[in-house]
6 protein chains.
Amino acid sequence: MSDSPKLPHLATLLLEGPVRIALLEDLGRAGDITSQSVVPEDAVARVSLTAREAGIVAGLDVARTAFRLVDTSLKIAVIREDGTRVGPGDDIALIEGPARSILTAERVALNFMGHLSGVATATRSLVDAVEGTGARICCTRKTTPGLRAFEKHAVLAGGGVNHRFGLDDAILIKDNHIAAAGGITKALSAAQQAAGHMTAIEIEVDTLEQLDEALAAGARIILLDNMTPPELEAAVKKAVGKAALEASGKINLETVRAVAETGVDYISSGFITHSAPTLDIGLDFDALVPGAGD
Amino acid sequence: MSDSPKLPHLATLLLEGPVRIALLEDLGRAGDITSQSVVPEDAVARVSLTAREAGIVAGLDVARTAFRLVDTSLKIAVIREDGTRVGPGDDIALIEGPARSILTAERVALNFMGHLSGVATATRSLVDAVEGTGARICCTRKTTPGLRAFEKHAVLAGGGVNHRFGLDDAILIKDNHIAAAGGITKALSAAQQAAGHMTAIEIEVDTLEQLDEALAAGARIILLDNMTPPELEAAVKKAVGKAALEASGKINLETVRAVAETGVDYISSGFITHSAPTLDIGLDFDALVPGAGD
Amino acid sequence: MSDSPKLPHLATLLLEGPVRIALLEDLGRAGDITSQSVVPEDAVARVSLTAREAGIVAGLDVARTAFRLVDTSLKIAVIREDGTRVGPGDDIALIEGPARSILTAERVALNFMGHLSGVATATRSLVDAVEGTGARICCTRKTTPGLRAFEKHAVLAGGGVNHRFGLDDAILIKDNHIAAAGGITKALSAAQQAAGHMTAIEIEVDTLEQLDEALAAGARIILLDNMTPPELEAAVKKAVGKAALEASGKINLETVRAVAETGVDYISSGFITHSAPTLDIGLDFDALVPGAGD
Amino acid sequence: MSDSPKLPHLATLLLEGPVRIALLEDLGRAGDITSQSVVPEDAVARVSLTAREAGIVAGLDVARTAFRLVDTSLKIAVIREDGTRVGPGDDIALIEGPARSILTAERVALNFMGHLSGVATATRSLVDAVEGTGARICCTRKTTPGLRAFEKHAVLAGGGVNHRFGLDDAILIKDNHIAAAGGITKALSAAQQAAGHMTAIEIEVDTLEQLDEALAAGARIILLDNMTPPELEAAVKKAVGKAALEASGKINLETVRAVAETGVDYISSGFITHSAPTLDIGLDFDALVPGAGD
Amino acid sequence: MSDSPKLPHLATLLLEGPVRIALLEDLGRAGDITSQSVVPEDAVARVSLTAREAGIVAGLDVARTAFRLVDTSLKIAVIREDGTRVGPGDDIALIEGPARSILTAERVALNFMGHLSGVATATRSLVDAVEGTGARICCTRKTTPGLRAFEKHAVLAGGGVNHRFGLDDAILIKDNHIAAAGGITKALSAAQQAAGHMTAIEIEVDTLEQLDEALAAGARIILLDNMTPPELEAAVKKAVGKAALEASGKINLETVRAVAETGVDYISSGFITHSAPTLDIGLDFDALVPGAGD
Amino acid sequence: MSDSPKLPHLATLLLEGPVRIALLEDLGRAGDITSQSVVPEDAVARVSLTAREAGIVAGLDVARTAFRLVDTSLKIAVIREDGTRVGPGDDIALIEGPARSILTAERVALNFMGHLSGVATATRSLVDAVEGTGARICCTRKTTPGLRAFEKHAVLAGGGVNHRFGLDDAILIKDNHIAAAGGITKALSAAQQAAGHMTAIEIEVDTLEQLDEALAAGARIILLDNMTPPELEAAVKKAVGKAALEASGKINLETVRAVAETGVDYISSGFITHSAPTLDIGLDFDALVPGAGD
């Protein structure tokens, strides 16, 4: 992987909050009463996180954080890092330590990894489908509440790029904003006046006429919403060298290639974050040493 | 729906935490810089939450909380409550108030409602598929991290029933617990000794022999994992009048009816919470009065 | 203690929140200004947590967490674990490390241990009083706000069993619920319809007639509130083999034996959590090496 | 009560945190599943908080906050304010509103009020016992973790005064600090140098010789620990006009009068906060209008 | 000010967190013991927030939140909004309500307003100094920990524009990043590959040679660090039409005009956030009605 | 420094909260996207925190906490501790470890240290100015919201002493309290009745007549607000041996010596916390080993 860029890591500080919430959600008030009553305190286990179907791995930092927050003595060895393509039976990581701790953290770790690997896998499908066209797949703000940063990271693991992270880090003027502002030119002008040099401004247009108005008003990033491939091709001709173009609306595995071949720069998909099915990952016990005292 | 039981409401205290997290995730540090710079402060709007496809509504209390946390002056009228079946174009709720506030809360409210309605819709599909068999559809702990209580509620909205909420409110002894404890009888005995009268105990078995051992050890709730319909039928015969039976493993729309017809009491599905696609719900501006000062 | 079940441990994640709150409550804004100004920074101490009266130890995990949150370099050796019977002068644990850190954490650690050992001791008194009868002592939701999980654990340390942990993990239908629902049969029916297979349902009855109605409606767990021993005996006869029975109301050391001898399965006491006096535990300095620089 | 000073109120901001924690502790993930399934949504109730035994009321602001956090529509009328002496059957407050909301908040409100009224009642017993002596009863840092500010307020309601609130708002030099510092004079000197003019300094002495040394070193507030009444009397003679004196150690209803008559200014008791039994307060339904739809 | 753009408002959700922290910091455990003991509970006051020196107002939303969090019954009327120029004696807002509540919130409200108005005033001085040059004054990440969003808002109130809000919403490649990456071209290339279309990329250069390399590598936003006016002028010539230029380093009232006249687009100053002296604002009692009961 | 008292340390528990808030404020949702994309993961650096101007160091515990929260593997060696006088070029601390981690924590660590060292430096200027007079410089509650404990500590580092930390740890009766209470005597009497022996009471007076009334009413600590040096001298004569005196109002480097020479005990300054300019401290890379893989 020497010629491809490394995936970024989410800072530990950013991982701990949501993982702690998820663990406390599962532990409730009394904790893992099954393991506490049934599994001997000194039982030790060695387990593997294993893919049960084909896909792209994502979420290992999150899973590691979950195990570590439950028990700092657990040893975790990663075999296939985020962004790796796996098939059924492929081991992703090995974990060793007190059986109670592993069982307590198991479901939360798997819930995160299954979901995030699902997002990465869905992203990768679109990325693969547009290979060679120059178009890049990006995400939206249609994410699972509370998990946006994690899902954005999974999009990177799937080979996509990230759109803005929230309402505050870039301006995206949509149809309702335009209506409220009194037109595309007025809306763009207001945004340009408010934004500093580090804040990107994108505007959504639904027709080629709106595109002309946006370009004339100095738009540098334009979202083409729900246009047909022929319309997109016409838009690319108008905007080339002037603005980056993003296509959105009804993007799926059947439609994405045709959209990409129109020459747009970005194709955004809500599906990859809000509807990607989980990737089936299991936790197998490779060895279990029941407590000596049992 | 006068003859059916009302859905419970989640307490405001339980709603506010996760909704606040989701809003802050979207607002970031600077808030909605698009609306603040482009939409006049005194613009007022009337919008409708509208289904764009068929499904079951869930999450209205959550969406209302999102709008209310952004602006207490927003007026929200619910037209179709949680649990209602909707078709494309059906209005679910009407919202009226400052346009900025509506636009700021829109995405978070829709992210919640789309996801939870997706869970309810997936649940309802299974519930409809087993109609008349007496089997009830239930969920698992394979939920989206941070959203368990909301997803459990969506399962109710879809006509399902809830399994345990976490590791602490009931005992569920699975294969690895049994291995660590040294067998089904030992595991059950340890659990029975630890549990009080208000704590349910369920044990997972993979074979009819294990079922026999579990019944002999006094099991009252038994999870039959990955059994074929003939095996399930045999299990029902053995357990009838002695224990409640839950079937799990590879449950989907194609398989669920056959499983239900074996006579099991409960059928649990991870799919309905971890892989249900979002239900497409949009926010349409019915009226928009740009600010007088603009 | 090889033949008795081990006490469960509260997960570190569950311990840290309340202990951090208690430490911050004591540290305020400026921290331990006495130790900081009076005790040399390099003074080292070895101290023992010692019982000053007879009772049952509980809360060692909590105390350890308090010391560890103040200073991770403190070494803590447990001599008598939770659930152990101690007498005046018995050492419970030894702690060694910077004198300032020990003095800073001392009061919070002792406040937790004194209170929780008090709960365990009060529980044990009732457990001892009913020895041989088959009745088990259990707790209620009449706990100290914020400390429920800790007090429930102390009840286990005292030999009791736990009732439900909150409003959400089991259904308990009391007199006012029955009145609001329109009677025992209606209330039970509504609860049975709402609950899944993992949710226990208990109903409170005040008379033998109500008991009959509850049994006829399929009640499996019944709370007999404020009944006399003869009434309880009659209730046991009616319910035997059909429902588990819990007696409550005016339970104390004088009355509990008579109640237990009626044959009820559980006896619940609010006293053991809301009114148990603290167990006197002190922190003695066995050695103190003032800082070299002093 | 026109000639007595009014009790202070705890700021809403200080009340909400701990009450929210207590409510969430009871609501768990799913909330009040009993009321939600059994009590009609539109049932309305009028209830009274009523004393079942004699004592001093404390905690009404806390209870009000609990009811209000659950449902802002609940109407609460206080009949007997904090600090009032009540007898069995005396109504303390009336509450009216949705029956579900009242039942959901009931236990948390009562747990707070029972505990805090217990603290006030225990304090009042000591205050009454020393009436006319000039000695004032005060509390310690031996409080219930997480509830210190509430218990300190309850001590005021019982007629006592507050000692320091934590490690940071005043200096209290105890035996171990003295040992670590190398003696009373050294310890006092270090504290005097560190403290500003708004920080009180108290030092604990166990003997009359230590008292002499403390007075010589300029001590203005002195804690006399575990001294007999004759020793206390001698101490008062030495310190009169020079320092305020606080007696502590083995203070109870039998001993407190003799201690007070020695002429000490303050008598501190840990019992009133760490071991006061709850005051029995109940919630009675005066009227219940089941929902029309039921 | 009818022809100038309105200042944005920070969302209530963004205001409440830091204001609550500040209030709890001041209230501590026991709250405002002075007002509680000295000011009659029913005393009512009317006060004005008044400037004591010339400057620019900022922070009114924050101050309003502080008063509202302490007591929702307080009435607050704003006379001069954020961004307004005030002189000594000018009233900024009027507040009316319970005297205790006003006194309790006073210091926190003034601490916020004094600090933020100080930031706005310092910003305005620089903005005024460069008037007519086309250069815009912007801020940095050299802000007061915990107050960044508030200070960024105050910069807007002073007529400046905002730089990025944190490490995550834009890329800024500085000297150490360049050194670690192995040069300007490599660093820019890595950043361009990682960033999506909504993420701005800026690179810092110290010399005109570095500027050439950055421009050749496709830089669109360039930070010129510590250059002299002649160097800046040369840089502007090279970059005109290709990249936006930001000058930084030793910017103050004496130097800023000369820098602005070189033709750079932005001038960034750390001083305006990290070293702006407070603007003196006082709270004057216009009327005080002591409680009738006093 | 063997003959001067050591500065206290803030407890880790008190440091972590505000530092975590500051780091999350800077990291936002996605973390340090510049370092993640530009700096090789295995690059290692050795850097020094270096003063760029003369002043007093403060905040090293805070900076250490910031680095440690980002990456526990960072090694930090302190060269000049809090309270030390430094000149331009003096190294304060050395840090070694992963370059990404150092760059991620850099700004937050410097923002804290620059601000707190600025407070210490401003304090020291006043302390030096009054040397030999016996007057001590103290702070006020005019602090930066959220940073009070840190700024109070910086005041100690600058040789000052601390005034009260908040509204709850001491009583300070100001002009508006006096007006609301109906006069100095009434106000003091109410405060004395409410306060225990550990709560200091200070009262503000504006004239010598008020001073007389305060002394007659038993005031032991008196704040002389905005008095001229001759008035202060007269006040000292009246109060000597009876009360500690604190002067406040228009204290600066020009005026403070004259005030100190009047004989007052304390001189309080808001400037040192609310308007002290930052001390310029930089982070220099002494060595940087780019990642082997780069």
Side-chain angles (χ1 to χ4, degrees), chain B residues 12-13 15-45 62-76 95 97-109 111-112 289-294, chain E residues 1-21 58 60-62 64-65 68-69 72 78 81-83 116 136 138-141 143-157 160-170 198-200 273:
Chain B
T12 305
L13 274 170
L15 289 165
E16 282 187 358
V19 177
R20 190 181 297 270
I21 285 173
L23 284 167
L24 290 174
E25 178 185 63
D26 204 23
L27 290 169
R29 282 159 297 217
D32 182 358
I33 59 173
T34 306
S35 297
Q36 290 280 336
S37 61
V38 170
V39 176
E41 191 173 355
D42 50 0
V44 169
V62 188
R64 185 192 290 111
T65 302
F67 284 109
R68 190 173 56 75
L69 282 175
V70 166
D71 188 340
T72 54
S73 80
L74 291 174
K75 284 174 206 140
I76 302 160
I95 302 151
R100 280 188 183 177
S101 300
I102 292 173
L103 288 162
T104 297
E106 171 186 3
R107 179 52 33 222
V108 167
N111 283 351
F112 272 117
V289 184
D294 192 59
Chain E
M1 209 177 276
S2 60
D3 55 348
S4 79
K6 288 289 190 59
L7 281 176
H9 288 281
L10 274 176
T12 306
L13 274 169
L14 298 176
L15 288 165
E16 283 187 356
V19 177
R20 189 181 298 270
I21 285 173
L60 273 162
D61 282 342
V62 188
R64 184 191 291 112
T65 302
R68 188 173 56 75
L69 282 175
T72 55
V78 171
E81 298 214 15
D82 277 15
L116 296 175
R136 304 182 77 177
C138 70
C139 50
T140 66
R141 281 171 48 246
T143 56
T144 310
L147 300 183
R148 184 168 290 166
F150 292 3
E151 292 180 348
K152 295 267 179 184
H153 177 269
V155 167
L156 298 184
V161 290
N162 287 159
H163 209 289
R164 63 175 178 163
F165 270 67
L167 289 163
D168 66 321
D169 59 336
M198 302 299 277
T199 303
T273 48

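Nothing here was measured: the structure is a model prediction, and the numbers come from that model. Only this structure's heavy atoms are used, side chains among them; waters, hydrogens and symmetry mates stay out. Per chain, numbering begins at 1; letters A, B, ... match sequence-line order.
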Q: Identify whether the distance between the nearest side-chain nitrogen and carboxylate oxygen of B/Asp32 and B/Arg107 falls below 4.0 Å.
A: no
Looking only at E/Ala149, E/Gly17, E/Gly166, most heavy-atom pairs under 4.5 Å shared with chain B are made by E/Gly166
Nearest heavy-atom contact between E/Leu10 and E/Leu15 is O-CD1, 3.6 Å
Applying a strict 4.5 Å limit to non-hydrogen atoms, the region of E/His9 in contact with chain B is both
Closest non-hydrogen contact found for B/Val70 with B/Ser101 is CG1-O, 3.7 Å
Whatever's closer than 4.5 Å to a heavy atom in chain B on E/Leu13 counts as both
Checklist entry - Looking only at atom types and distance, does a side-chain atom of E/Asp82 sit under 3.5 Å from a main-chain N or O of E/Ala157, one as donor and one as acceptor? => result no
